[in-house]
Asker: 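Dropping a structure here in structure tokens format, bear with me for questions.
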Number of protein chains: 4
Amino acid sequence: MSRSTPSSRKSAVPKPKPGRQVATATSGRSSKSQARSASLRALRAAERRAAIVEAALEEFTARGFAATRLDDVAKRAGVAKGTIYLYFADKETLFQELLRFSLLPLIGELGAPPPPGVSARAMFESFAEVFVREVTETKRADLLRLLISEGQRFPSLAEFHYREVVVHGIAAMRRVIAYGIERGEISNKALLDYPQLLMAPAMLTVVWQGLFNRFAPLDARALLRTHIDIMFDKGNAP
Amino acid sequence: MSRSTPSSRKSAVPKPKPGRQVATATSGRSSKSQARSASLRALRAAERRAAIVEAALEEFTARGFAATRLDDVAKRAGVAKGTIYLYFADKETLFQELLRFSLLPLIGELGAPPPPGVSARAMFESFAEVFVREVTETKRADLLRLLISEGQRFPSLAEFHYREVVVHGIAAMRRVIAYGIERGEISNKALLDYPQLLMAPAMLTVVWQGLFNRFAPLDARALLRTHIDIMFDKGNAP
Amino acid sequence: MSRSTPSSRKSAVPKPKPGRQVATATSGRSSKSQARSASLRALRAAERRAAIVEAALEEFTARGFAATRLDDVAKRAGVAKGTIYLYFADKETLFQELLRFSLLPLIGELGAPPPPGVSARAMFESFAEVFVREVTETKRADLLRLLISEGQRFPSLAEFHYREVVVHGIAAMRRVIAYGIERGEISNKALLDYPQLLMAPAMLTVVWQGLFNRFAPLDARALLRTHIDIMFDKGNAP
Amino acid sequence: MSRSTPSSRKSAVPKPKPGRQVATATSGRSSKSQARSASLRALRAAERRAAIVEAALEEFTARGFAATRLDDVAKRAGVAKGTIYLYFADKETLFQELLRFSLLPLIGELGAPPPPGVSARAMFESFAEVFVREVTETKRADLLRLLISEGQRFPSLAEFHYREVVVHGIAAMRRVIAYGIERGEISNKALLDYPQLLMAPAMLTVVWQGLFNRFAPLDARALLRTHIDIMFDKGNAP
DNA sequence: CATGAATGAGACTTCATTCAT
DNA sequence: TATGAATGAAGTCTCATTCAT
């Protein structure tokens with residue numbers, strides 16, 4: 001192996017669509033209705049962009065930033081090399097955009113307003129469930145790992161996630177903790193200073209699954225259940 | 001910059017030794033005493049090797065595997081580029097060797113025989129203290145982050161660490177947990193199934209400090225203290 | 001910047017019309033009067049062509065042939081990139097056409113029939129004045145520089161200008177010289193063999209102004225006046 | 001033709017040495033004498049550098065800066081593509097260095113101290129002769145044309161030549177003119193203000209030979225002789 | 001006719017690895 | 001054993017040209 005990639009050359013990641021994309025049959029031209037054709041074009045553009053992002057996700061998560069070849073991204077997306085540059089200024093922009101906007105929706109989902117009158121434990125159980133369903137069992141886990149791996153080398157990216165994701169996540173955790181303390185579900189008030197402790201097992205799961213799942217699969221749900229049992233006193237639960 | 005690294009070129013990492021290493025004048029050969037000169041040479045060789053590994057550590061942790069240039073490693077180590085190949089087969093070998101043997105000693109330290117009659121909490125407190133002192137506040141934290149970042153792309157490396165480090169660590173955690181349950185310091189027996197929970201905050205600290213310390217410094221010791229307070233019932237502590 | 005241009009990317013040459021050209025609303029077709037609409041269309045076509053040539057002039061003179069991007073020409077002309085190909089076969093054709101027809105009119109102006117009975121000196125003074133007014137102080141100087149710069153690499157272009165411009169210019173110079181000799185204004189008959197000497201200062205001016213005007217502005221008119229004083233004996237002048 | 005070059009692809013300029021350079025038989029290693037081997041290496045480096053510069057000269061003068069491929073320069077120099085980067089930072093540096101140092105020696109030659117008691121005409125005749133012999137009939141003419149062609153697009157280059165070459169040349173011309181006026185060889189004192197007029201025919205020759213020599217060869221020596229006859233009164237000549 | 005998204009060949013540049021000294 | 005000059009494969013990015021709309 002010559003340059004720098006650890007594993008096999010030529011796309012260790014299996015590529016699903018070898019030829020040109022299916023293109024969802026746009027060849028039939030109605031020849032009038034400029035507006036529709038314009039929106040069609042816009043639609044096509046959006047599709048292409050999405051294809052590129054999707055392909056980039058696969059390649060970047062499989063190889064990391066430096067070892068990913070835009071050539072491979074293009075092939076996987078079913079576009080020419082130059083096409084990528086119609087949508088993204090350069091490799092780094094594609095990479096950052098991918099990471100920037102992929103984890104954002106999570107915050108919305110995780111911060112969904114809890115049903116009233118519910119226990120703190122139930123609130124966090126809901127968090128955990130969403131995390132498992134929407135991250136652990138999804139490509140988002142790969143994205144999170146990618147962020148953990150490359151964040152240090154892209155300070156602006158780290159900052160973005162700190163501000164847009166982490167700060168809100170920490171705040172949410174703190175609210176749950178405060179609520180739990182208030183309701184007597186959580187006894188240790190120092191937890192308020194380290195709300196990260198609530199998320200630590202979730203993060204560990206993501207890292208573990210990336211590195212060691214091959215050798216020792218980890219049941220995220222069960223692990224988090226145990227975590228919850230430890231963090232919350234059962235007293236006030238039904 | 002064209003290829004792949006996000007930040008500045010030309011060694012973002014400050015290099016301590018600008019000129020060629022002092023090299024302690026080896027050119028004048030005394031021409032007798034082959035045995036001593038042989039051992040001297042071996043010593044010199046060992047030093048060189050160590051210098052290369054040390055330099056590689058700096059560069060790899062600062063840039064990751066792919067973006068690190070052997071040229072920079074050589075410069076930092078004070079040797080010629082070709083010299084690296086006298087000690088390591090190639091870039092990947094150097095990288096793996098670096099990671100393979102750098103974290104091993106930890107297991108010994110962490111697995112040091114606990115003083116008899118001590119509480120489970122005290123045992124884990126000792127663990128935590130060693131971890132903070134020997135990892136968090138050391139270059140080992142960088143190595144751990146490097147492992148987390150690149151492990152997925154070097155399966156053999158991940159396997160090595162799983163077998164040589166993680167398995168033992170998990171076993172040690174489990175022993176502490178069992179002991180804690182036995183002594184009544186730990187009430188939740190399910191923890192025995194997920195000893196990772198004991199380590200999760202430590203790992204979170206390492207990741208956090210790599211990504212977010214700039215924006216929100218994290219006090220590893222205090223965080224772990226809180227963690228310990230939660231995991232261990234205080235009843236039986238002195 | 002990676003490829004080839006020395007200075008700043010993104011059009012160092014200031015572009016006058018930022019948005020799309022006004023285009024004088026051609027979309028509403030009155031659907032009758034085909035003849036007039038045809039001529040209108042022809043007019044529109046001629047305008048477009050002219051806009052492209054004008055834009056090409058700016059860009060080519062600013063960057064040279066190879067470093068000029070048709071994309072920039074199109075933007076500056078207010079047309080789409082593809083439109084250029086409706087009027088010109090390719091980049092080189094556009095370039096050559098630009099150069100071919102831009103300098104031709106000069107020959108007419110420079111070869112204008114001199115008022116009868118005038119001195120040779122006056123004839124050449126008139127040449128010089130036209131040259132200063134119509135070349136030196138005009139974009140034509142840029143075109144001349146462009147020809148000088150790229151002519152060697154476009155042999156057919158050099159040949160064209162030799163035949164269509166230079167030959168006539170040389171002939172005109174020779175006529176002036178012969179006339180001057182005949183009238184006793186020029187004493188050195190060898191000048192007839194090197195009529196280029198009459199034009200040399202004009203050419204030097206164009207080159208100098210392209211390269212060094214920043215550091216040492218050159219007054220074309222005054223320089224040529226001195227040149228004339230040297231070439232023509234003052235005896236017979238009024 | 002695809003990208004940008006006007007004429008034929010694949011090196012219009014004939015390449016003399018297809019294989020690896022002759023390398024002047026350095027294979028015989030004397031195995032001792034480090035100093036000599038070091039100087040040998042230095043010698044080799046100097047040769048290589050020279051080969052690259054020489055090749056670059058050919059290619060740049062044949063195609064201009066933008067259209068020259070470093071690949072071709074490397075092939076012509078008999079080195080690998082990467083080798084160029086051991087000696088020059090990038091394409092532009094190679095180009096500028098080529099131009100910067102190739103014309104400098106001229107100033108020395110042209111500014112050689114004139115024999116005492118000689119006429120101004122003889123001094124300038126000597127200038128002219130050196131110019132013809134060392135520029136017109138040499139590759140330096142190509143370099144001068146290259147400078148004229150690309151100077152506008154490399155402001156620093158134009159400035160360098162203005163300061164290092166032109167200023168001195170102009171000063172030398174002015175000295176000759178002053179001397180000629182003093183000796184009564186030159187009558188028009190205004191020439192002191194436009195010493196460029198003395199050089200104009202030389203420059204015209206270089207440009208002409210680049211563009212039109214194919215169609216109308218120009219005898220530089222004869223043209224300059226006529227020029228001299230016109231500029232200098234014959235009175236004081238023998 | 002006009003558009004401009006898409007293409008893909010090709011240029012510059014980097015850097016792991018080799019090998020003569 | 002150590003060196004570091006040399007190599008050349010490979011990657012990123014550009015831009016002339018095409019073509020469906």
Side-chain angles (χ1 to χ4, degrees), chain A residues 1-4 9 26-27 29-31 34 36-38 40-41 44-45 48 66-72 74 79-87 89-92, chain B residues 1-5 9 23 26 41 44-45 48 68-72 74 79-87 89-92, chain C residues 1-4 9 23 26 41 44-45 48 68-72 74 79-87 89-92, chain D residues 1-4 9 26-27 29-31 34 37-38 40-41 44-45 48 66-72 74 79-87 89-92:
Chain A
M1 172 197 347
S2 130
R3 192 66 65 86
S4 54
R9 216 70 273 250
T26 359
S27 315
R29 326 157 190 175
S30 57
S31 107
Q34 292 243 323
R36 202 182 319 164
S37 119
L40 243 183
R41 210 186 291 216
R44 207 83 65 92
R48 276 205 128 91
T68 290
R69 299 186 295 277
L70 286 191
D71 227 349
D72 286 346
V79 303
K81 228 184 323 175
T83 304
I84 294 178
Y85 289 86
L86 294 177
Y87 294 93
D90 56 13
K91 191 186 178 183
E92 191 175 329
Chain B
M1 166 203 347
S2 101
R3 195 68 67 83
S4 53
T5 349
R9 215 78 263 257
T26 355
R41 202 179 308 180
R44 205 58 44 75
R48 276 198 128 91
T68 290
R69 297 191 298 279
L70 286 193
D71 224 345
D72 286 346
V79 302
K81 223 186 327 177
T83 305
I84 295 178
Y85 286 85
L86 295 175
Y87 295 92
D90 56 14
K91 191 184 178 185
E92 190 176 330
Chain C
M1 173 200 345
S2 103
R3 194 71 61 88
S4 54
R9 216 75 263 257
T26 357
R41 202 178 310 181
R44 206 57 43 77
R48 277 199 127 91
T68 290
R69 297 192 297 278
L70 287 192
D71 224 345
D72 286 346
V79 303
K81 222 184 330 176
T83 305
I84 296 179
Y85 287 85
L86 296 175
Y87 294 92
D90 56 13
K91 190 185 178 185
E92 190 176 330
Chain D
M1 171 198 346
S2 121
R3 192 67 62 86
S4 54
R9 220 71 265 258
T26 0
S27 315
R29 324 158 190 177
S30 59
S31 110
Q34 290 242 325
S37 116
L40 244 184
R41 210 188 289 215
R44 206 84 65 90
R48 276 206 127 93
T68 290
R69 298 188 295 279
L70 287 192
D71 226 347
D72 286 347
V79 303
K81 228 180 326 172
T83 305
I84 295 179
Y85 289 87
L86 294 178
Y87 294 92
D90 55 14
K91 190 185 179 184
E92 192 176 327

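We name chains A, B, ... by the order of the sequence lines, and we start the count at 1 in each one.
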Asker: Under a 3.5 Å cut-off for both contacts, is E/dA6 paired Watson-Crick or G-U wobble with anything, and if yes, with which nucleotide?
Answerer: F/dT17
Asker: Measure from the side-chain heavy atoms of D/K91 and tell me the nearest of F/dC13, E/dC12, E/dA6.
Answerer: E/dC12
Asker: Choosing from F/dT3, F/dT7, E/dA2, which nucleotide comes nearest the side chain of B/V79?
Answerer: F/dT3
Asker: Please state how far atom CZ in A/R44 lies from atom C1' in F/dA20, giving the value in whole angstrom units.
Answerer: 9 Å
Asker: In whole angstroms, how far is the C1' atom of E/dA5 from the CG atom of C/D71?
Answerer: 11 Å
Asker: Which listed nucleotide (E/dT17, E/dA6, E/dT13) is nearest to the side chain of C/K81?
Answerer: E/dA6
Asker: Could you say whether D/L86 or B/L86 is positioned toward the 5' end of DNA chain F, judged by the nucleotide with the nearest heavy atom to each?
Answerer: B/L86
Asker: Compare the minimum distances between each of F/dA10, F/dC13, E/dG4 and the side chain of C/A80, then state the nucleotide with the smallest one.
Answerer: E/dG4
Asker: Taking the side chain of B/T83 as its heavy atoms from C-beta onward, which of E/dG10, F/dA2, F/dA16 lies nearest to it?
Answerer: F/dA2
Asker: I need the minimum non-hydrogen distance between C/D90 and C/Y85, along with the two atoms involved.
Answerer: CA-CE2, 4.0 Å
Asker: Which atoms form the tightest heavy-atom contact between B/T68 and B/K91, and what is the distance?
Answerer: O-NZ, 2.8 Å
Asker: Can you work out whether D/G82 or A/A45 has the more 5'-proximal nearest nucleotide on DNA chain E?
Answerer: A/A45
Asker: By nearest atom, which of the nucleotides E/dC12, F/dA16, F/dT14 is closest to the A/Y85 side chain?
Answerer: F/dT14
Asker: D/D90 CG to E/dA11 C1': how many Å, rounded?
Answerer: 13 Å
Asker: Could you tell me the separation between the CG atom of B/D72 and the C1' atom of E/dC15, rounded to a whole number of Å?
Answerer: 10 Å
Asker: What nucleotide, of F/dA6, F/dT3, F/dC13, holds the atom closest to the side chain of B/R48?
Answerer: F/dT3
Asker: Indicate the atoms forming the closest heavy-atom contact of A/L70 with A/I84, along with that distance.
Answerer: O-CD1, 3.6 Å
Asker: Please pick, from F/dC15, E/dT17, F/dG11, the nucleotide with the shortest atom-to-atom distance to any side-chain atom of B/L70.
Answerer: E/dT17
Asker: For residues B/D71 and B/K81, report the shortest heavy-atom separation together with the two atoms involved.
Answerer: OD1-CE, 3.5 Å
Asker: Report the distance from atom CD1 of D/I84 to atom C1' of E/dA11, rounded to the nearest whole Å.
Answerer: 12 Å
Asker: OP1 or OP2 of E/dA5 sitting under 4.0 Å from any side-chain N/O of A/Y87?
Answerer: no
